[in-house]
Amino acid sequence: MRWKESTLLLLISPDGVEEAIDCAKAARHLDIVDVKRPAEGSLGANFPWVIREIRDAVPADKPLSATVGDVPYKPGTVAQAALGAVVSGATYIKVGLYGCTTPEQATDVMRGVVRAVKDYRPDAFVVASGYADAHRIGCVNPLSLPDIARRSGSDAAMLDTAVKDGTRLFDHVPPEVCAEFVGLSHEAGLLAALAGSVKAADLATLTRIGTDIVGVRGAVCEGGDRTTGRIQPHLVAAFRAEMDRHAQEHAATVAAAS
């Protein structure tokens with residue numbers, strides 16, 4: 001599954017069924033509903049029955065994403081977890097390569113995930129996720145993710161932040177490095193996804209560098225708090241409006257320069 005043209009998609013991450021219902025109320029403003037469990041980490045996995053319930057709660061035409069977790073280097077374990085996510089109803093499977101310290105380990109894990117997922121559902125979409133703050137946890141370098149995703153047969157490369165302490169994506173990987181990440185992903189035929197306490201103020205940069213998917217939670221929660229706040233439909237709508245505004249401005253700039 002590939003897109004030939006770069007279109008910024010909005011991925012929203014509810015932490016349970018109640019928030020998923022709020023996402024459903026704002027369904028026309030978002031592109032992907034992402035199931036995670038923040039209590040278990042940046043890409044913490046939720047329960048299979050929660051994935052199923054959220055799949056039932058959101059419109060059928062909205063793809064459902066599920067995180068497999070901030071995983072260790074245990075390829076068999078992770079492959080089984082990924083299969084569980086797709087069996088439960090997710091069509092986007094995200095794997096946080098938290099415990100992989102080398103590109104070889106990360107590729108090994110992702111190859112197992114790709115096989116497990118696509119043997120069951122060939123049209124499923126597999127995302128190899130790394131961390132902008134990799135230096136703080138000792139996992140693979142962010143710029144190695146596109147090659148890991150390509151070599152494993154994944155569909156997208158993603159960066160998030162592992163430690164949710166108030167620092168953000170651009171605090172660890174500045175815009176020019178994110179642009180390099182996006183470029184490497186596109187050269188490999190992959191989508192490039194960026195997340196990590198992304199705010200509306202980041203959208204101009206994310207649009208300019210050609211990001212394909214932006215993942216948010218805190219930005220659409222009351223009080224901007226991803227942990228204690230709850231997703232609000234009106235905040236989802238406002239975030240989408242900002243996305244659309246920046247897309248139009250960027251398109252006008254490109255047209256004027258051509």
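Start at 1 with the first residue, then count along the sequence.
Taking the charged nitrogens against the carboxylate oxygens, R240 and D244 do have a contact shorter than 4.0 Å, which makes a salt bridge. Comment: R217 engages D15 in a salt bridge, judged by a side-chain N to carboxylate O separation of less than 4.0 angstrom.
Other residues, nucleotides and ligands contribute more than 12 heavy atoms inside 6.0 Å of the CZ atom of F170. Within a 6.0 Å radius of CD in E249, other residues, nucleotides and ligands contribute more than 12 heavy atoms. More than 12 heavy atoms of other shown residues, nucleotides or ligands fall within 6.0 angstrom of atom CD in E222. Within a 6.0 Å sphere centred on CZ of R111, heavy atoms belonging to other residues, nucleotides or ligands number more than 12.
Distance CD1/I148 to CG/D108: 11.5 Å, rounded to 0.5 Å. For the atom pair CZ (R230) and CG (L235), the distance works out to 12.5 Å, reported to the nearest 0.5 Å. Between I93 atom CD1 and F125 atom CZ the span is 11.5 Å, to the nearest 0.5 Å. Atom CZ of residue R208 and atom CG of residue L206 lie 9.5 Å apart, to the nearest 0.5 angstrom. Note: I12 CD1 to C221 SG = 8.5 Å, rounded to the nearest 0.5 Å. In this structure, the separation between OG1 on T107 and CZ on R151 is 4.0 Å, given to the nearest 0.5 Å.
Panel note: side chain D212, backbone A192; a donor-acceptor pair is recorded below 3.5 Å. Side chain of D171 to main chain of R168: a donor-acceptor pair is present (N/O by atom type, distance under 3.5 Å, no hydrogens or angles). In this structure, D22 contributes its side chain and Q232 its backbone to no donor-acceptor pair below 3.5 Å. Between the side chain of D34 and the backbone N or O of G215, no donor-acceptor pair lies under 3.5 Å. A donor-acceptor pair under 3.5 Å is absent between the side-chain atoms of D70 and the main chain of G96, judged by distance alone. In terms of modelled atom types and a separation under 3.5 Å, the side chain of N46 and the main chain of G16 share no donor-acceptor contact. A donor-acceptor distance shorter than 3.5 angstrom exists from the side chain of T67 to the backbone of V35, with no hydrogens or angles considered. Under a 3.5 Å cut-off, the side chain of S129 and the backbone N or O of M158 do not form any donor-acceptor pair. For the pair K199 (side chain) and A219 (backbone), a donor-acceptor distance under 3.5 Å is absent. For the pair S88 (side chain) and R52 (backbone), a donor-acceptor distance under 3.5 Å is absent.
Residues I137 and M110 are members of separate hydrophobic clusters, defined by side-chain heavy-atom contacts under 4.5 angstrom among Ile, Leu, Val, Met, Phe, Trp and Tyr. Residues V254 and M243 are members of separate hydrophobic clusters, defined by side-chain heavy-atom contacts under 4.5 angstrom among Ile, Leu, Val, Met, Phe, Trp and Tyr. Taking hydrophobic clusters as Ile, Leu, Val, Met, Phe, Trp and Tyr residues chained together by side-chain heavy-atom distances below 4.5 Å, Y98 does not share a cluster with V78. Tracing side-chain contacts under 4.5 Å through hydrophobic residues (I, L, V, M, F, W, Y), one reaches L97 starting from V177; they form part of the same cluster. Hydrophobic clustering places F47 together with V71 (ILVMFWY residues linked when any side-chain heavy atoms are closer than 4.5 Å, directly or through intermediates).
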- Item | Derivation of the side-chain contact (heavy atoms from CB on, under 4.5 Å) call for L169 and D202 | CA-CA 10 Å; L169 172 69; D202 302 321; over 6 Å; no
- From CA spacing to verdict: side-chain contact (heavy atoms from CB on, under 4.5 Å), T101, Y73: CA-CA 8 Å; T101 59; Y73 175 55; over 6 Å; no
- Verdict with reasoning, L11 to K94, per side-chain contact (heavy atoms from CB on, under 4.5 Å): CA-CA 12 Å; L11 177 149; K94 290 165 52 185; 4.3 Å; yes
- Can you check side-chain contact (heavy atoms from CB on, under 4.5 Å) on F181 and L194, steps first, answer last? CA-CA 10 Å; F181 174 86; L194 294 171; 4.0 Å; yes
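Taking every heavy atom of both residues into account, A24 and V58 meet most closely at CB-CA, 4.3 Å. Between S42 and K164, the closest heavy-atom pair is OG-CE, 3.7 Å. The nearest pair of heavy atoms linking A116 to L83 is O-CD1, 3.7 Å. The shortest non-hydrogen separation linking A60 to R55 is CA-NH2, 3.7 Å. Listed here is the closest heavy atom pair of E242 and A200: CG-CB, 4.3 Å. Here the closest heavy-atom approach between residue G89 and residue I51 is recorded as N-CG2, 4.4 Å.
Y131 has its side chain within reach of L43: a pair of non-hydrogen atoms, C-beta onward, lies under 4.5 Å apart. Using a 4.5 Å cut-off on side-chain heavy atoms (C-beta onward), L143 and V173 make no contact. For the pair D155/L191, no side-chain contact is recorded, criterion being any heavy-atom separation below 4.5 Å from C-beta on. Annotation: side chain of I209 is not in contact with side chain of P175 (no heavy-atom distance under 4.5 Å). Side-chain contact check for V236 versus K25: every heavy-atom pair is 4.5 Å or farther apart. By the 4.5 Å heavy-atom criterion applied to side chains, I231 and C23 are counted as neighbours. Proximity of R150 to D147: side-chain heavy atoms (C-beta onward) are separated by under 4.5 Å at one or more points. Using a 4.5 Å cut-off on side-chain heavy atoms (C-beta onward), H29 and L10 make no contact.
Paired with L9 under the rule side-chain contact (heavy atoms from CB on, under 4.5 Å), one option of T211, I213, L30 passes, and it is I213.
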